[in-house]
Novice: 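Below is the structure I would like to discuss, written out as structure tokens.
Positions are given from 1 along the sequence.
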Amino acid sequence: MIASMTNIVKRYGAHTALDHMNLSIAKGETLGLLGPNGAGKSTAIRVLTGLTGTDAGEAQLFGKKMKGNQPELKRRIGVVPQDLALYETLSAGDNLAYFGRLYGVKGAALKSRVAEVLDVLGLSDVAKKAPKKFSGGMKRRLNIGCAVMHKPELLILDEPTVGIDPQSRNHILDFIEQMAREGTTVIYTSHYMEEVARLCSRILIMDAGRVIAEGSVEEITRSVLFEETMTLEVKDPSPTLLDGIKNIQGVISCEADRGRLTIVSTAGAANMHRILELAMPYVVLGVTAHRPTLEDAFLALTGKKLRDGGEA
């Protein structure tokens, strides 16, 4: 086990940021950490990285209990914070070299690693330019580069793609996938559900300082969501068609708005082919199937109410 938290409690005055929080991540795993604002994601990361203490429970990193400042453990992790941690007046290459030296990378190995990271993140052409002149996406890529100069065993990324262009986002996701293939263990937090679904083999959904769901995307959506919707556009549908669809096993409802039929079935009913067979005598203008997504499950678990209380 690379890292774990067992019954962690962390309070800030009267506010409980983590309420008997449990988390574990195995070597080589990519774990997605999701939750609305104030759920406790950032506090969980601070506890795991030894940046904050706890009121109860135990956190372990690489099999050792986290207690106070433990540089020998911290040197084995890389953290990409949501707020950029760069020196705006140093060049991109010098930023990477500086953070590499902090982690003990020196000499020819440092020079080689700087060149490698610049190349992989698509920043070789701006190696000598200062990030104060960079776009948001370039800064985000450099921010990640600084965290991986020492080839960490555990990489923690906190909202690494906030506010950037699609090209930079895709470059970052490709880079994280490459790190994972090379054996790096990854903890990834994001509000972009499609990123988490793409990257993460296992997901924890937090709310109010607790884990409220855990598993793969498929496991979470299957356990939380019980319906899926299909839209069938048919020219001049008859009442017979509607009645026939309603009688198909797994169909919960079939509502018609002129030629647009909205069909709700139990999740996993796999009845689309039977519905289309009934519609064959008609002119079918379009078919759309909406299957439960991670975002659907997230909203079902945490609610749709907007929360602006800040992150904890």
Side-chain angles (χ1 to χ4, degrees), residues 2-3 25 30-31 33 41-42 44-52 61-62 66 68-164 168-169 171-190 199:
I2 290 290
I25 182 166
T30 299
L31 177 70
L33 191 58
K41 303 187 299 297
S42 294
I45 289 173
R46 287 196 292 270
V47 168
L48 269 182
T49 54
L51 294 177
T52 187
L61 198 59
F62 305 109
M66 290 295 292
N69 186 36
Q70 294 175 282
E72 72 281 2
L73 296 182
K74 292 182 179 181
R75 277 195 292 267
R76 299 169 68 182
I77 66 175
V79 180
V80 180
Q82 184 173 345
D83 295 326
L84 294 171
L86 299 171
Y87 289 96
E88 292 280 335
T89 57
L90 292 180
S91 70
D94 286 344
N95 263 280
L96 294 174
Y98 173 78
F99 283 97
R101 290 189 192 97
L102 287 180
Y103 284 99
V105 187
K106 301 176 182 177
L110 178 63
K111 184 177 180 180
S112 174
R113 182 61 175 163
V114 168
E116 178 185 6
V117 171
L118 286 169
D119 179 59
V120 172
L121 290 174
L123 296 172
S124 296
D125 291 345
V126 294
K128 296 183 179 181
K129 294 183 179 180
K132 64 181 180 181
K133 300 178 181 179
F134 289 0
S135 67
M138 292 166 69
K139 288 182 179 181
R140 288 283 172 191
R141 281 182 272 153
L142 182 58
N143 200 44
I144 292 173
C146 291
V148 301
M149 280 297 297
H150 58 304
K151 298 183 179 180
E153 297 171 56
L154 171 63
L155 178 61
I156 302 174
L157 303 106
D158 190 6
E159 300 283 353
T161 63
V162 170
I164 64 172
S168 286
R169 171 173 286 114
H171 209 112
I172 288 171
L173 298 181
D174 286 346
F175 178 73
I176 295 167
E177 287 177 327
Q178 178 181 326
M179 294 283 292
R181 285 194 299 271
E182 293 172 354
T184 304
T185 304
V186 178
I187 297 177
Y188 192 86
T189 82
S190 178
L199 295 173

Novice: Would you compute the distance between atom CG of Leu31 and atom CD1 of Ile25 and round it to the nearest 0.5 angstrom?
Specialist: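 Atom-to-atom, Leu31:CG and Ile25:CD1 are 4.5 Å apart.
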Novice: Listed by chain and number, what are the ring-ring contact (aromatic ring centres under 6.0 Å, His included) partners of His171, not counting sequence neighbours?
Specialist: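 Scan of His171 (ring-ring contact (aromatic ring centres under 6.0 Å, His included), adjacent residues dropped) gives none.
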Novice: Using distance only, find each side-chain donor-acceptor pair of residues 104-118 under 3.5 Å and give its atom names and separation, not counting sequence neighbours.
Specialist:
unit_1	atom_1	unit_2	atom_2	d
Arg113	NE	Val148	O	3.4
Arg113	NE	Met149	O	3.2
Arg113	NH1	Glu116	OE1	3.1
Arg113	NH1	Glu116	OE2	3.4
Arg113	NH2	Val148	O	2.6

Novice: Which heavy atom of Pro152 sits nearest to which heavy atom of Ala147, and what is that distance?
Specialist: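 Minimum heavy-atom contact is CG-O, 3.7 Å.
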Novice: Please report the shortest heavy-atom distance between Leu73 and Phe62, naming the atom on each side.
Specialist: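 Taking every non-hydrogen atom into account, O-CE1, 3.8 Å.
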Novice: For the atom pair OH (Tyr188) and OG1 (Thr30), what is the distance rounded to the nearest 0.5 Å?
Specialist: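 Between Tyr188 OH and Thr30 OG1, I get 11.0 Å after rounding to 0.5 Å.
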Novice: Can you spot which of Ile187, Ile144, Thr189 makes a side-chain contact (heavy atoms from CB on, under 4.5 Å) with Leu157?
Specialist: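 Among Ile187, Ile144, Thr189, the one meeting side-chain contact (heavy atoms from CB on, under 4.5 Å) with Leu157 is Ile144.
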Novice: By ring-ring contact (aromatic ring centres under 6.0 Å, His included), which residues pair with Tyr98, not counting sequence neighbours?
Specialist: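 If we apply the ring-ring contact (aromatic ring centres under 6.0 Å, His included) test to Tyr98, skipping adjacent residues, the hits are Tyr87.
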Novice: Side chains of Leu142 and Leu96, heavy atoms from C-beta outward: is any pair under 4.5 Å?
Specialist: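 With C-beta onward as the side chain, the pair touches.
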Novice: Starting from the C-alpha separation in whole Å, work towards a yes-or-no answer on side chain to side chain contact (heavy atoms under 4.5 Å, CB included) for Leu51 and Val79.
Specialist: CA-CA 11 Å; Leu51 294 177; Val79 180; over 6 Å; no
Novice: Side-chain contact, heavy-atom cut-off 4.5 Å: Thr49 with Lys74?
Specialist: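 Counting from C-beta outward, Thr49 and Lys74 never come under 4.5 Å.
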Novice: Per the salt bridge (Lys or Arg N to Asp or Glu O under 4.0 Å) rule, what does the pair list look like for residues 126-151, sequence neighbours excluded?
Specialist: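 Listed by first then second residue: Glu88-Lys139.
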Novice: If I compare all heavy atoms of Gly137 with all of Ser168, which pair ends up nearest, and what's the gap?
Specialist: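 So the two residues come closest at CA-OG, 3.4 Å.
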Novice: List the atom of Cys146, the atom of Leu86, and the distance in Å for their closest heavy-atom pair.
Specialist: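 That closest heavy-atom pairing would be SG-CD2, 3.8 Å.
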Novice: Would you find a donor on one side and an acceptor on the other, under 3.5 Å apart, between the side chain of Thr52 and the backbone of Val47?
Specialist: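 Pair absent, no side-chain N/O of Thr52 close to backbone of Val47.
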Novice: Which distance, rounded to the nearest 0.5 Å, do you find between the CD1 of Ile77 and the CD1 of Ile45?
Specialist: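 Interatomic distance, Ile77 CD1 to Ile45 CD1, rounded to 0.5 Å: 10.5 Å.
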Novice: Mark yes or no for whether Asn143, through its side chain, and Ala85, through its backbone, hold a donor-acceptor pair below 3.5 Å.
Specialist: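 Indeed, once roles are kept as given, a pair shorter than 3.5 Å links the two residues.
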Novice: Counting C-beta onward and ignoring hydrogens, is there a side-chain heavy-atom pair between Leu48 and Met66 closer than 4.5 Å?
Specialist: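 Answer no - side chains too far apart.
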Novice: When Val80 is tested against each of Ile172, Leu155, Ile156, Asp158 for side-chain contact (heavy atoms from CB on, under 4.5 Å), which residue passes?
Specialist: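 Of the listed residues Ile172, Leu155, Ile156, Asp158, the side-chain contact (heavy atoms from CB on, under 4.5 Å) partner of Val80 is Leu155.
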Novice: Apply salt bridge (charged side-chain N to carboxylate O under 4.0 Å, His left out) to Arg75 and list each qualifying residue two or more places apart in sequence or on a separate chain.
Specialist: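 None.
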Novice: Dump the intermediate steps for side chain to side chain contact (heavy atoms under 4.5 Å, CB included) on Leu154 and Arg76, then the final yes or no.
Specialist: CA-CA 7 Å; Leu154 171 63; Arg76 299 169 68 182; over 6 Å; no
Novice: Asp174: which residues meet the salt bridge (charged side-chain N to carboxylate O under 4.0 Å, His left out) condition with it, sequence neighbours left out?
Specialist: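 In terms of salt bridge (charged side-chain N to carboxylate O under 4.0 Å, His left out), with neighbours along the sequence ignored, Asp174 is linked to Arg198.
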Novice: Hey, could you give me the CE/CG distance between Met179 and Leu199, rounded to the nearest 0.5 Å?
Specialist: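 Nearest 0.5 Å value for the CE-CG distance: 12.5 Å.
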Novice: Which heavy atom of Leu61 sits nearest to which heavy atom of Ala3, and what is that distance?
Specialist: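 That closest heavy-atom pairing would be CD1-CB, 3.7 Å.
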